[in-house]
Every structure is written in C-alpha cells, then in structure tokens.
Number of protein chains: 2
Amino acid sequence: MLRAIKPAMSDPRSARKPTLEDVAEAAGVSRATVSRVINGVRNVDPKLHAIVWQAVDATGYVPNRAARSLVTRRSGTVALVVSDAVSHDDDPFMRRFFADPFFGRIVGGVMSVLRPRGIQLALQIVGTDDARGRLVGDLGQGQADGAVVLSLHPDDTLPHQLYEAGIAAALVGRPAQPVPISYVDLANDAGGVLAAEHLIGRGCTRLGMITGPAHVPASQDRLTGFRQALARHGHAWFPTVEGGFTYESGETALLELLERQPELDGLFVANDVMAQAAVMALRGRELRVPDDVAVVGFDDSSAALDARPQLTTVRHPLEDMAAESARLVLARIDDPSLRVESVIFDPKLVVRQSA
Amino acid sequence: MLRAIKPAMSDPRSARKPTLEDVAEAAGVSRATVSRVINGVRNVDPKLHAIVWQAVDATGYVPNRAARSLVTRRSGTVALVVSDAVSHDDDPFMRRFFADPFFGRIVGGVMSVLRPRGIQLALQIVGTDDARGRLVGDLGQGQADGAVVLSLHPDDTLPHQLYEAGIAAALVGRPAQPVPISYVDLANDAGGVLAAEHLIGRGCTRLGMITGPAHVPASQDRLTGFRQALARHGHAWFPTVEGGFTYESGETALLELLERQPELDGLFVANDVMAQAAVMALRGRELRVPDDVAVVGFDDSSAALDARPQLTTVRHPLEDMAAESARLVLARIDDPSLRVESVIFDPKLVVRQSA
DNA sequence: CGGAGCATGGAGAGCGCTCTCCACTACATA
DNA sequence: TATGTAGTGGAGAGCGCTCTCCATGCTCCG
C-alpha cells in the first residue's frame with residue numbers, strides 16, 4: 001500500500017509556496033513570460049498579460065524577494081542607520097534617544113517616501129566601531145541598497161566609511177567633517193536670525209546666548225546667524241557661554257551668563273533642553289520669564305512644552321527633512337553618478353509664552 | 001597585445017564582491033568547507049578552521065544574505081508591524097504616532113533583543129486592508145521570519161490573518177478578539193488597583209473615574225482593577241464617565257463627572273492625556289489639584305510631565321514589554337509548535353504632584 | 001593484516017528568480 | 001520567392017549559498 005508523499009496542505013507553514021514555475025504552468029506559458037508580466041517589462045501580448053495575472057491570483061503567488069535580489073543585486077531595502085559613539089551598545093543614551101520624538105519623526109518622514117514605492121525600511125543601530133565596520137560590510141554586500149544616516153557624534157567616521165565603500169547614502173544633518181555624501185540640513189543660521197529678530201522685536205536690548213558645543217556644526221551656525229542678525233541691528237557684542245546641550249549645562253551656563261551680563265533681558269539658547277533649564281534657573285533668581293528676561297529656545301522638542309512658561313522656540317521641519325533624505329538616497333541608488341547634493345530647510349519660529 | 005579583462009578594482013561599486021568560492025580558493029579548500037566554518041557547524045579540522053578564517057579576512061568576504069536565505073528559507077529579519085485602521089496611508093494620526101515616545105520606546109526595546117543576535121528589524125506600516133493583505137503575503141513568502149505587531153485598532157483583523165497564514169508573531173497588547181497568537185501586555189487591572197490604593201491612602205473618599213473607550217480591553221481592565229480595589233475598601237459605587245483617550249473627551253468627561261459627583265476628591269483617569277485635560281478643567285473650576293481633587297493618570301507619557309501639577313500616574317515598562325515580545329517571536333520562529341503564551345507585566349505607580 | 005567504523009572534505013544539486021540569447025512568426029520589401 | 005525587420009515567447013544559464021550525499025583516509029579491533 002502506498003502512502004501519500006505530498007505533505008498535508010492544511011498547515012500553511014509546510015505548504016510549498018507557489019513559484020514562478022507554478023504560475024507559468026497554470027497560465028500555460030514559460031517562466032520568463034510570467035517574470036516579464038510581473039515586472040511589467042517589454043512587449044508581452046496583452047492577452048497573455050491578462051492570463052498571467054489571472055494565474056497569479058489563482059495560485060496566490062507572491063514573488064520571493066531573496067531569489068529576486070540574488071539576481072538583480074537589489075534588496076529593495078533602505079537602511080535607517082543611527083550611528084553614535086558610545087562605549088557599549090546598550091548605552092542609556094540610546095534609550096533616551098529612542099524615547100525622544102526626534103527619532104519617531106524621522107522614521108515617519110522616511111517611511112512616507114519609502115512606503116509608496118514598496119521599499120522596506122531596515123533599522124540599524126551602530127554604537128561601536130566594530131559594529132560600524134560590520135554594517136559597512138553588510139551594506140556593501142547588498143543587505144540594503146542605500147542608507148539614511150543619523151550621525152549623532154561629530155567625530156563619527158561612518159559617513160566617510162560609507163563613501164569609501166561606495167554605498168548610496170544621505171545624511172540627516174551636515175557632517176562635521178566634509179565628506180562627499182549628500183545631506184539634508186536645517187538652515188541653523190536662519191534659525192539664529194529668527195531668534196534675534198524676535199527678541200529685538202520685543203524690545204530686548206541686553207542680549208545673551210547659551211550656545212551648543214563649539215565643535216558641532218549646528219551650534220556654530222546658530223550662533224553665527226544670531227550674531228549677524230544682531231550686528232545688523234547695531235549690537236556689536238553680546239556675551240555667550242558654551243553649553244553641552246544638557247539640562248545641567250544649561251543651568252550652569254545661565255548663571256555664568258548672568259554674572260557677565262546682570263542686566264540681561266533677552267536670551268537665545270541653542271536647544272530647548274538647556275532653555276528649559278535656563279528658564280527654571282531664571283525663575284530661581286526671581287527673574288520673570290518673559291517679562292524680565294525673554295527666552296527663545298531651539299528644536300521645538302517636548303522640553304519646549306514641558307517648560308513653564310512654554311518656550312518660544314525655533315522649529316525643524318524634521319519630517320520633511322527626513323523624507324528628502326530618503327529621496328536623495330533613492331536617487332543615488334538609481335544613478336550612482338549623481339552629483340553630491342545638499343538640501344537645506346528653513347526653520348520656523350514657534351511663538352509661545354517665553355518670549 | 002592583451003588588455004586586462006578584470007575590471008578596475010579602484011571603484012568599490014563595480015568591484016566584484018568576494019564569494020564563498022573566492023574564499024575557498026584562497027584557503028585551498030572547497031566551498032562546502034568554508035560554509036561549514038562560517039556557520040560553525042559540524043566537525044572541521046581546527047587547522048582548516050584557522051586557515052579559512054584567515055582567508056575570509058584576507059578577501060574581505062561578507063556572506064550574501066539573499067543567497068543564504070534563498071536556500072535556508074530564513075531571512076534573519078523580524079518585522080515590526082504597526083497596524084492601524086485609517087482610511088488612507090498618510091493619516092495625520094500616524095504622524096502623531098511616530099512623534100510619540102511610545103513608538104520609539106518600543107523600537108528600542110525590540111532592538112535590544114534583536115541586535116545582539118544579529119537579526120534585522122524591518123519596519124512595516126499598514127493602514128489599509130489592502131496593505132494588510134500584501135503584508136501577510138510578503139511575510140508568508142519569507143520577507144521576514146516573524147513579526148512583532150502593534151495593533152492600534154481593536155477591530156484589527158491582522159492578528160487573525162497572521163495566525164491563518166501561520167506566521168510567527170507576537171502582539172504588543174492583548175488583542176480585543178481572542179486569537180491564538182502570543183502577546184505581552186500590561187496588568188492593566190493592577191494599574192487600576194495601584195491608583196485606587198494611592199487615592200484611598202491619601203484619604204480620598206468621594207471617588208470617580210474617567211474611563212477609556214469601552215471596547216478597548218485595556219480600558220476595561222483599568223476600570224475593573226480600580227473598581228475591585230475600591231470595593232475591597234468598602235466603596236461599593238463611584239461614578240464613571242467614558243472618554244475617548246483624547247484631550248477634548250477628557251475635558252468633557254470631567255465636567256459630566258463633576259455634575260454627578262460635585263464633592264469629588266479623588267479621580268482616576270484612564271490615560272494621561274485625558275488626565276491632563278481633567279486637571280486643567282478642574283483648575284478652571286477653581287478646584288485645586290491635589291488639595292481639592294487628587295488625580296491619578298495612566299501611561300506616564302509626556303502629557304504627565306507637561307501637566308501642572310505634574311501627574312501622578314501609572315507607568316508601563318514598555319521597553320521590557322517590547323523586548324519580551326521580540327523574544328516570543330524569536331522562540332516561535334525556532335519552534336513553531338510552541339504553545340501560545342502571554343506575558344503580563346506589572347505597572348508601577350509614579351508619584352508626582354497631582355495625587 | 002583486513003575490514004569495520006568514523007571523522008572529514010569534496011562534488012554537485014538546487015533554492016526561485018532574472019535576463020540574455022535565440023527561435024519563431026508575421027509582414028513588408030526587393 | 002528570397003531577404004529584412006520587428007515583435008514575441010522559450011530555453012537555459014547562473015546569481016551565491018547550503019546541505020545531502022559520497023569518497024577518502026585514518027584508527028582500531030578481531
């Protein structure tokens with residue numbers, strides 16, 4: 001007596017998935033023709049075209065991505081790489097980073113471009129140099145066709161490695177070291193200008209600024225814009241204190257600034273977290289915000305809303321920037337010879353209570 | 001005269017990537033042996049082992065994932081699926097969702113499990129039924145080995161479709177409709193108990209609750225826990241008003257609640273956003289928080305920190321839950337016959353100023 | 001000393017797909 | 001009728017890998 005050799009088709013896990021071959025047989029054509037129809041290439045008789053699609057429906061065929069990318073050398077995937085220089089991979093900083101809306105807004109922006117084109121988004125986090133090396137290898141091998149890179153550290157070597165490896169990439173944020181890779185960025189200097197003009201418009205005359213770390217390009221640009229706008233209005237000089245983008249550094253910086261300019265009535269802070277700290281510290285000194293000192297922050301992060309009074313701040317169009325970075329990567333994948341490009345977005349002042 | 005046929009190796013894009021074959025040649029062994037070494041299987045002479053790794057280094061070999069998964073039928077990828085029932089894919093709700101730390105915390109939790117094992121995370125957003133169908137097809141074809149699913153809508157059919165298709169999956173949050181898929185969840189009822197006991201501990205006697213939508217399991221559980229804990233303390237009845245988890249609904253609900261219980265001195269609200277709205281509305285009625293009415297929220301979201309006074313609230317261990325869901329998927333991929341499992345996490349009360 | 005038994009490495013098939021060739025038909029042109 | 005020219009579909013190679021078989025060489029015991 002013979003036993004059936006075919007496995008039970010009831011369990012979808014063991015059921016053999018239909019292949020191109022099966023569709024071809026069902027449609028009575030060759031594998032190649034089915035492939036042509038599915039990929040919409042070349043001249044296929046419209047009659048056959050219809051028959052093939054019918055067979056696809058009937059068999060429930062879904063193309064096998066692995067097989068396809070093995071031959072096309074395209075994975076249909078773009079990686080979103082978060083690169084940071086932490087000592088170990090489970091750094092608490094990363095936890096904070098993920099919990100920050102910043103990350104989600106970028107994901108949303110990138111997805112809005114990728115999804116309509118049926119391209120996958122693969123998330124990659126690299127904290128160590130070792131991980132970066134592996135990532136470059138994997139991308140070079142075609143694990144993804146390109147990468148949108150979030151470099152969180154100014155000394156990050158990843159952009160350069162990606163360039164060396166010839167991987168299609170775009171950076172979110174101008175790289176600290178010039179590197180021939182396209183990037184999107186915010187016109188940080190324009191943000192500084194916005195802050196300056198708002199404070200001057202309010203009638204502030206004794207201004208000051210808490211800057212970000214001097215080696216971060218965005219910090220420099222915010223300062224430059226602020227300074228130039230003030231200069232245009234005749235303010236040749238104002239005190240600045242460098243902060244580290246953290247709450248504590250904002251507090252310290254404010255106290256130092258007050259020492260150097262006790263009459264301060266207008267303050268620009270290079271990010272919201274430090275601005276929030278500054279506002280708290282001002283109130284601790286019995287200075288009212290905005291009546292005694294008007295404060296403008298930067299980022300429009302959740303810190304701006306947590307602060308009391310809520311912060312007037314400079315806002316990134318982050319989703320749009322992320323979307324554009326995805327477009328840049330896609331363009332580069334299509335045509336690697338494309339010239340390196342940068343797209344700069346304009347910030348917007350969000351007026352709340354602090355200024 | 002002969003021209004060199006080999007392409008210039010200077011451009012990494014056109015340079016042929018080394019394959020197993022190349023490594024085998026360099027090591028003077030067969031392809032199969034190299035494969036064995038790289039995958040760490042079976043008995044390979046330690047001497048050859050060393051030689052092979054040396055050849056891997058020398059050639060800069062990186063395995064081709066597509067080729068490998070074509071034969072192993074494993075992609076080495078887990079999908080993080082966000083499933084919602086929106087009319088079109090670019091719903092503003094999605095924008096808000098991505099900007100919410102909730103999303104990032106889950107990504108972080110899932111990554112913490114996947115990364116050490118070298119497994120990719122692919123992000124998938126499905127808003128329409130059509131997209132859901134395609135997703136199930138793609139996953140069935142092996143685009144990913146399994147999926148962590150965030151179902152944002154109680155009527156979502158995706159979990160059931162995944163089960164039908166035999167795809168390894170785990171849900172974050174108990175499904176509204178029972179379905180044989182593992183899930184992680186918060187002990188929402190325990191959260192209700194925490195809130196009740198905190199309010200009673202403060203001496204509140206005239207209690208009330210603003211619940212979430214009745215059809216959302218989490219809402220029901222929060223109410224149940226709160227009710228049972230109060231009952232244990234002799235509070236047989238308290239007024240409840242149903243809200244919709246939105247700011248506006250919280251406002252409206254509070255006003256209705258005050259009408260039914262003007263003497264209210266203790267309030268439990270099923271999420272922070274509504275709680276924040278309730279606090280504002282209470283202050284608008286000249287009722288002090290927490291002195292006149294103590295308020296406990298739920299989620300420990302950014303709304304809890306935005307509120308003034310800041311909210312005492314019930315906190316999810318969201319990262320841990322997400323990590324566990326990833327573990328469940330991985331376990332199921334390894335052994336599809338595993339029984340369906342649920343892992344319930346305990347919430348924690350975060351005491352701030354509102355109660 | 002012969003053969004069983006085991007450790008080890010190689011040969012080769014084949015995963016599902018794309019894409020280059022090539023064959024064939026149909027029609028126009030010489 | 002012989003030849004040129006599209007347009008169309010099929011045959012088949014091969015992408016890079018894993019894994020099952022099989023051959024080989026060795027040890028060990030009767």
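Residue numbering restarts at 1 for every chain, and letters A, B, ... go by the order of the sequence lines.
- In this structure, A:E25 places its CD atom 17 Å from C1' of D:dG9, rounding to the nearest Å.
- Nearest-nucleotide positions on DNA chain C for B:S30 and B:Q141 put B:S30 closer to the 5' end.
- Applying the 3.5 Å distance criterion, the base of C:dG10 shares a donor-acceptor pair with the side chain of B:R36.
- The pair A:R134-A:D130 counts as a salt bridge, with a side-chain nitrogen and a carboxylate oxygen less than 4.0 angstrom apart.
- Remark: C1' of C:dC15 and CG of B:L20 are 15 Å apart, rounded to the nearest angstrom.
- Contact annotation: A:T33 reaches the phosphate of D:dG10 (side-chain N/O to OP1 or OP2, under 4.0 Å).
- Going from atom NE2 of B:H49 over to atom C1' of C:dT8 covers 15 Å, rounded to whole Å.
- Here the side chain of A:D145 pairs no donor or acceptor atom with the backbone of A:V78 at under 3.5 angstrom.
- Here the nucleotide nearest the side chain of B:V29, chosen from C:dG10, C:dG16, D:dC15, is C:dG10.
- D:dG14 atom P lies 17 Å from atom CG of B:L70, rounded to whole Å.
- Which of D:dT18, D:dG16, C:dC17 sits closest to the side chain of A:R68 comes down to C:dC17.
- In this structure, A:N39 atom CG and C:dC19 atom P are separated by 7 Å, rounded to whole Å.
- Formation of a donor-acceptor pair under 3.5 Å by the B:Q124 side chain with backbone atoms of B:A79 is not found in this model.
- A donor-acceptor contact shorter than 3.5 Å is absent between the side chain of A:R115 and the backbone of B:V126.
- A:N64 has its CG atom 13 Å from the C1' atom of C:dG14, to the nearest Å.
- To the nearest angstrom, C1' of C:dC19 lies 15 Å from CZ of A:R74.
- Here the C1' atom of nucleotide D:dG14 and the CZ atom of A:R31 are 11 Å apart, to the nearest Å.
- At C:dT18, one or more side-chain N or O atoms of A:S35 fall inside 4.0 Å of OP1 or OP2 (strictly under the cut-off).
- Comparing B:G28 and A:E21 by the nucleotide of DNA chain C that holds the closest heavy atom to each, the one mapping nearer the 5' end is B:G28.
- The pair B:D22-B:K17 does not count as a salt bridge, with every side-chain nitrogen at least 4.0 angstrom from each carboxylate oxygen.
- Side-chain proximity of B:P63 to C:dG10, D:dC17, C:dC15: nearest is D:dC17.
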